[in-house]
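No hydrogens, no waters, no symmetry mates; every other heavy atom, side chains included, goes into these values. Whatever order the structure lists ligands and atoms in, that order sets their numbers, starting from 1. These numbers come from a predicted model, not from an experiment.
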Amino acid sequence: MAGPWWRDAVVYQVYPRSFADSDASGEGDLQGIRSRLPYLADLAVDAIWLNPFYTSPLHDSGYDVADYFDVDPRFGTLEDFDALVTDAAALKIRVIIDIVPNHCSSRHPWFQEAIIAGPGSDARERFIFRDSPNNWQSAFGGPAWTRTQDGQWYLHLFDSTQPDFNWRHPDVPAMFERVLRFWLDRGAAAIRIDMANTLFKDPELPDLPEDAPLAPYYDQPELHQLYRSWRKILDSYPAGTFPGPRGAVAEIWFSSPGTVRPYLTKDGLPQTFNFRLTLVPWAAAELRAVIDEACELIKDSGGSMPWVLGNHDITRLVSRLGIDQALIRHPTDALKRGEAQVDVPMGTRRARAAVLLLLALPGTAYLYQGDELGLPEHYAIPASRREDPTFRRTGGAAVGRDGCRVPLPWSGTAPPYGFASRPVRTWLPQPTDWATLTVEAELSDPDSVLNLYRAATHLRREHPALGDGDMTWLESNPDELAFTREPGFGFVANLGDKPIYLPAGSRILLASGPIVNRGVPADTAVWLQH
Ligand code: BGC
């Protein structure tokens, strides 16, 4: 491997609350993750990214942090984190943590102090308090401002329990420098930066015109100086021993290539997520355009853009690909309104092909827990059990993200499917028809989604053409994706209805579905050796 590890790693996203529950509390925890490390090693992942596990009232499942320097008792202790890092390192797995710098919890001592100190105080300057609100809306629905008892309003781009920091107050960058060093010193190999493009707001806080392409809280120029300073911190960690040089990946849902380009520099953050594969329909031309756009963006930039097919904010891959693709951008709500039906077998077929595409593309790939089992979105969560603040803030009009965050099924035939060692009410209910989707069931089925993932991640690790590098498109029909990577690797996917025939002289390394007489059927992908 020529470049730093993060440029071609396979990273597995662990959503701690739903991964494995060591104390039968109904919520997952760090000891649970630790106990399942052999499963992750067997999946040949190079790193795990942990969603927030800090002290938090969990109003937004941990993205509302009350103490950035500690572990919430529901997830364990700092010692559990250290033990997890040590055990993971023994299996050559790096641990990436989530940094949440845009906002904290309203229970954070700084916000509590600001509320008590009142208007005009320095404590309020660490947040964005004003005498009157502007027209900004919360990403979770409703206004982005909440009024305090003394009449002032504070800004929260998310829930009212998540006040936005004022990044122009010196205490804020100073605290986050300490946060970074605290976790990097404890062995975190990289950081994932939540809402990395919204930390600074236009100081005038102007109203958002109705047709504005970009809100005045995105991509403010000061971000780049901040991230150059973070890069210096990351680079100051020793490169020689495991986990080696420290990485960072920014969560940026960019609207156009022009808005993300400034982040892709040699001295800024090393990586920015590329979510484009999750936004386009299952169609060769659209996928190819997204891949070309990314290759163009990173060329000579010094940055790189990990590929993503799913995460804790997005409708599950199988369900996304199993609906009418015209609805791809809002599948969960479309379904709830009865506008779409999921064809699970079709979604699964496509999801299998999609992961072979993901793992064949140049660069880093992120896998979301449960996608390796082919879990569909869980739509039938009763209103009384929904946790996502989006559901509450929109009066149920938007169902939110709970359906992709359901506790993992490990074994057995009924909930909690081995998620906890004894019967327990899990924090989100699990469907009753997941018996064939458990890790245990899939390990014993040679044709399972899990065994396809395992085969692909192991092959990717061994094949010299895979990971970071270049790719070359082959001439193909409009419903086909076909490219080569050197030395010796070929990729073919059929996104149309008619079979496609594999080129002569190539040997099949892996296929996402049955191949008969070298014909690749609809919604199937193949890895080739030539
Ligand atoms: C995270 C979400 C979270 C939001 C606010 C994100 O984009 O991925 O899960 O709700 O930031 O922190």
Quick test: of every protein heavy atom, which one is nearest to [atom], and how far off is it to 0.1 Å?
atom	answer
atom 7 (O) of ligand 1	Glu251 OE2, 2.6 Å
atom 4 (C) of ligand 1	Phe158 CE2, 3.8 Å
atom 3 (C) of ligand 1	Asp60 OD2, 3.4 Å
atom 8 (O) of ligand 1	Asp313 OD2, 2.5 Å
atom 6 (C) of ligand 1	Asp194 OD1, 2.9 Å

Side-chain ion pair, Arg401 and Asp60, N-O less than 4.0 Å: yes
Between Glu113 and Arg126, is the closest basic N to carboxylate O distance under 4.0 Å? yes
Quick one: does His59 get a heavy atom under 4.0 Å from ligand 1? no
Measuring from non-hydrogen atoms of Trp253 to any atom of ligand 1, is the shortest distance under 4.0 Å? no
Pair [X] + [Y]: ring centers closer than 6.0 Å:
X	Y	answer
Phe75	Phe81	no
His156	Phe111	no
Trp49	Tyr368	no
Phe273	Tyr366	yes

Apply ring pair (Phe, Tyr, Trp, His ring centres under 6.0 Å) to Trp167 and Phe176, showing your working. CA-CA 10 Å; Trp167 269 87; Phe176 276 94; 5.3 Å; yes
How about OH on Tyr218, more than 12 heavy atoms from neighbouring residues, nucleotides or ligands closer than 6.0 Å, or not? no
Can you name the atoms of ligand 1, numbered from 1 with element, that are less than 4.0 Å from a heavy atom of [X]?
X	value
Arg401	2 (C), 3 (C), 9 (O), 10 (O)
His103	5 (C), 12 (O)
Arg405	9 (O)

Which one holds for Tyr15 and ligand 1: side chain close, backbone close, both close, or neither close, with close meaning a heavy atom under 4.0 Å? neither
Counting only heavy atoms closer than 4.0 Å, does ligand 1 sit against the backbone of His156, its side chain, both, or neither? neither
